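Bear in mind that the values here come from a model prediction, so they are computed numbers and not experimental data.
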Amino acid sequence: MGNEVLVVVDAVSREKGVDKETIFLAIEAALATATRKRHKGDIDARVAIHRDTGVYDTFRRWEVVPDEVETIEFPDRQVRFSDARKHNPDIQVGDFVEDPLDPVEFGRIAAQAAKQVIMQKVREAERELIVNLYSGRVGEMVTGVVKRLERGDAILDLGNAEALLSKTAMIPREGLRPGDRIRALLEEVKSVPRGPQLFLSRTAPKLLIELFKLEVPEAGEGLIKLHGAARDPGLRAKIAVSSVDPRIDPIGACVGMRGSRVQSVSNELAGERVDIIQWYDAPAQFVINALAPAEVQSIVVDEETHAMDVIVDEKQLSQSIGRGGQNVRLASELTGWELNIMTEAAAQEKGATETDTAKKLFQESLGVDEIVAQVLVQEGFTNLEEIAYVPKQEMLGIEEFDEELVEELRNRARGVLLTRAIAQEEQVTLAEPAKDLLDMAGMDEHTARLLAARGIKTREDLAEQAVDDILEVEGMTEERARSLIMTARAPWFEQPEQQGA
């Protein structure tokens, strides 16, 4: 009998790749179930298998409950504390009193009773094994065979596990079929009761980087750096590369002999066209490269908004933007800069508008004539804050300005800014929010007055706002804005329920 148990444990463990201890625990649970079924009444049983011999002992047990319990809920498997102490003085509430019981045979009946429990335990162990095996591989590329298609999703066999490639993570119009061998990025590993636990993606930009590491030995060895990628899955992609060794041409290495390497990557991604871009530390040059094959005439960089105005020839405008904005969108994603493509005429018009706006601001706010305002604009000043707080020496470097004029301009700019700040503070102070806004959960008086100064005086006013509408309020974060708006909207969802009541 003991030998039978050991044989079963060894066979199942080898077949399923599950730890033997897990199989022992499953058999113990199954034998305990068979024991309870054989005896009349709602008894509790425990089976202990000796791991070395396979022989097992069976016990009937009663849970120890406090004496204060008026009525024992399960008399066949519970006992009062005072009665339990007669058998064991050291026993505590929550422990079990056990008596030996005749074991059931590990035969056909016991095996049938054990089968379901064992398989459940084995499945749980297998799933835990998969999670442990793949949890450290998130972000890596894996290879699998399409096993079946379910409602547009593909189930892949990775050899020792199944993974899900959802329809939204597939390359559009790829047309996968059972038996296709493909590569995908392991995006997520989740421990779920049923279904695949591994979630793949064929659209992630990182998959492109991993494919180049595979196809280009220099990239796999770290001689070529892959800085980032942007994709329009199945259509076009851009990848930024640079070389650690100046003797290696990073673009040539990634293209390969007669384009063999980049073609292999493209074939894996359903014919996706890949542009290989030379990476530069200088953002402007990097953007110029990223917009290739379009030619750029000049670039205006705005560090504050992290944006660039890219000026191109009118004949190059459509090529720079690309079909449906594809080229500029991918370049923007790759470089991390917001790119505004425009012709030279449009750039001049925009520049003239900005110049006129700045000149008008300086003339009206600082009380200077058009000549002084023009000089300030030509020197790159666009707002009063720059004039008020830029280092004094920088303004003294302007040929037309002397120290007296510089000091006067700085004082006037600071005076205007101070007046504005006082006026704004007074506006906030005078703003009277409604009581329902002040009393709302999560609201404080200062925030309520700031909102009221913007015309948002009641809870209903706040409920009608979008998150972006109140983000400019002092101290407001996106998370808090969302929370306040949802709190303000709470009565909207409660109203139907109250009417039904």
Side-chain angles (χ1 to χ4, degrees), residues 1-66 69 71-133 160-162 191-197:
M1 181 173 66
N3 190 50
E4 274 185 61
V5 173
L6 294 179
V7 169
V8 169
V9 169
D10 186 61
V12 175
S13 178
R14 279 190 286 105
E15 181 185 346
K16 299 293 184 179
V18 179
D19 183 58
K20 286 186 178 182
E21 181 61 24
T22 301
I23 310 301
F24 274 119
L25 294 173
I27 294 176
E28 286 175 344
L31 289 171
T33 300
T35 301
R36 288 193 293 271
K37 288 183 177 179
R38 194 178 74 171
H39 290 78
K40 294 180 180 180
D42 183 23
I43 73 164
D44 189 14
R46 181 178 73 87
V47 175
I49 301 175
H50 296 277
R51 303 310 193 241
D52 51 349
T53 63
V55 176
Y56 54 90
D57 300 317
T58 305
F59 303 90
R60 178 178 177 178
R61 61 182 192 170
W62 294 262
E63 183 186 4
V64 179
V65 297
V69 175
T71 304
I72 294 181
E73 187 176 358
F74 305 104
D76 288 337
R77 49 190 171 96
Q78 290 181 329
V79 62
R80 293 186 187 278
F81 176 61
S82 56
D83 295 332
R85 292 201 66 180
K86 295 175 183 177
H87 300 275
N88 181 359
D90 298 326
I91 204 160
Q92 300 294 327
V93 172
D95 292 344
F96 290 89
V97 174
E98 296 186 334
D99 281 344
L101 204 62
D102 291 335
V104 295
E105 289 294 325
F106 189 69
R108 183 178 62 84
I109 297 175
Q112 287 295 325
K115 182 179 178 181
Q116 198 65 29
V117 177
I118 291 174
M119 293 311 297
Q120 178 63 29
K121 292 288 185 182
V122 167
R123 280 193 293 269
E124 289 175 2
E126 284 179 333
R127 301 185 79 76
E128 187 177 349
L129 191 67
I130 290 170
V131 170
N132 293 337
L133 185 63
N160 53 4
E162 287 188 351
S191 183
V192 292
R194 298 184 65 183
Q197 297 169 284

CZ-CG distance between F74 and D44, expressed to the nearest 0.5 angstrom: 11.0 Å

Apply side chain to side chain donor-acceptor pair (under 3.5 Å) to R85 and list each qualifying residue two or more places apart in sequence or on a separate chain. none

Show the nearest heavy-atom pair for residues I49 and G54, with the distance to one decimal. CG2-O, 3.8 Å

Smallest heavy-atom separation, A32 atom then A45 atom, equals CB-O, 3.7 Å

Looking at CG of L133 and CD of Q197, how far apart are the two atoms once the value is rounded to the nearest 0.5 Å? 11.0 Å

In this structure, CD1 of I27 is separated from CG of L6 (nearest 0.5 Å) by 9.0 Å

Just how far is it from atom OG1 of T35 to atom CZ of R46, taken to the nearest 0.5 Å? 12.0 Å

Taking side-chain contact (heavy atoms from CB on, under 4.5 Å) as the criterion, tell me which of I43, D76, D99 meets it with W62. D99

Do other residues, nucleotides or ligands put more than 12 heavy atoms under 6.0 Å from D52 CG? yes

Evaluate the side-chain proximity of V93 to V65: yes if any heavy-atom separation is below 4.5 Å, no if none is. no

Separation between CZ of R51 and OH of Y56, rounded to the nearest 0.5 Å: 14.0 Å

Got a donor-acceptor contact below 3.5 angstrom from the R77 side chain to the P75 backbone? no

Under the side chain to side chain donor-acceptor pair (under 3.5 Å) test, which residues partner H50, sequence neighbours left out? D57

Got T58 and L31 here, is their nearest side-chain heavy-atom distance under 4.5 Å? no

